[in-house]
Amino acid sequence: GEYWRACNSLGVMFANGEGLVARNDARAGELFTAACNGGDRDGCRNLALLYEEGRGVPRDPAHALQLYQRACTSGHQGACDRARALSGGR
């Protein structure tokens, strides 16, 4: 819903340090987690990226892959592409 999309959007602001928001990857991770748990596919994809890169969360490619796959299942094509890349093209 709208709330989860808003969590994702605010997470993007923290991840990128946009506007008046200072970059804070840990806070972005919290917001992306909330969005993903609420069913927002963009939140799952963005959280996966943080886990893939180890930004604000421990680097965990296996967990990143799970999150990319979750977003992919919800129809996020970019997440499908990253999931394929992380799993060796399978």
Side-chain angles (χ1 to χ4, degrees):
E2 292 293 323
Y3 178 79
W4 306 120
R5 279 192 291 278
C7 286
N8 178 65
S9 295
L10 187 56
V12 169
M13 292 179 74
F14 275 102
N16 297 328
E18 293 178 359
L20 299 176
V21 177
R23 181 172 170 171
N24 183 330
D25 291 334
R27 182 67 180 130
E30 293 168 359
L31 290 159
F32 293 149
T33 297
C36 184
N37 289 342
D40 185 83
R41 68 185 184 187
D42 292 324
C44 292
R45 182 266 178 201
N46 290 331
L47 183 59
L49 182 62
L50 293 185
Y51 275 100
E52 183 179 358
E53 296 179 352
R55 289 180 45 199
V57 295
R59 187 173 183 284
D60 188 341
H63 189 54
L65 177 59
Q66 291 174 339
L67 291 163
Y68 282 130
Q69 289 169 333
R70 183 172 171 184
C72 178
T73 300
S74 297
H76 193 296
Q77 187 56 51
C80 297
D81 295 342
R82 285 303 309 143
R84 271 193 299 282
L86 281 180
S87 62
R90 289 176 267 135

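We're numbering straight along the sequence, starting at 1.
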Taking only residues two or more places apart in sequence, or in another chain, which ones meet Cys72 in a disulfide bond (SG atoms under 2.5 Å apart)?
-> Cys80
So do the side chains of His76 and Arg82 get within less than 4.5 Å of each other, counting heavy atoms only?
-> no
Considering non-hydrogen atoms only, spot the tightest contact between Asp25 and Arg23 and give its length.
-> OD2-NH2, 3.1 Å
Nearest heavy-atom contact between Cys44 and Leu67 is O-CB, 3.8 Å
Please round to the nearest 0.5 Å and tell me the distance separating atom CG of Leu65 and atom OH of Tyr51.
-> 14.0 Å
In this structure, CH2 of Trp4 is separated from CG of Asp40 (nearest 0.5 Å) by 10.0 Å
Side chains of Tyr68 and Glu52: donor-acceptor distance under 3.5 Å anywhere?
-> yes
SB check Arg45 Asp42 (cutoff 4.0 Å) = no
Is Arg41 reaching over with its side chain to a backbone N or O of Ala79, donor-acceptor style, under 3.5 angstrom?
-> no
List the atom pairs, donor and acceptor, that lie under 3.5 Å between side-chain atoms in residues 6-22 and the rest of the protein, sequence neighbours left out.
unit_1	atom_1	unit_2	atom_2	d
Asn8	OD1	Gly43	N	3.4
Asn8	OD1	Asn46	ND2	2.8
Ser9	OG	Arg5	O	3.1
Asn16	ND2	Val12	O	3.4
Asn16	ND2	Glu18	OE2	3.1

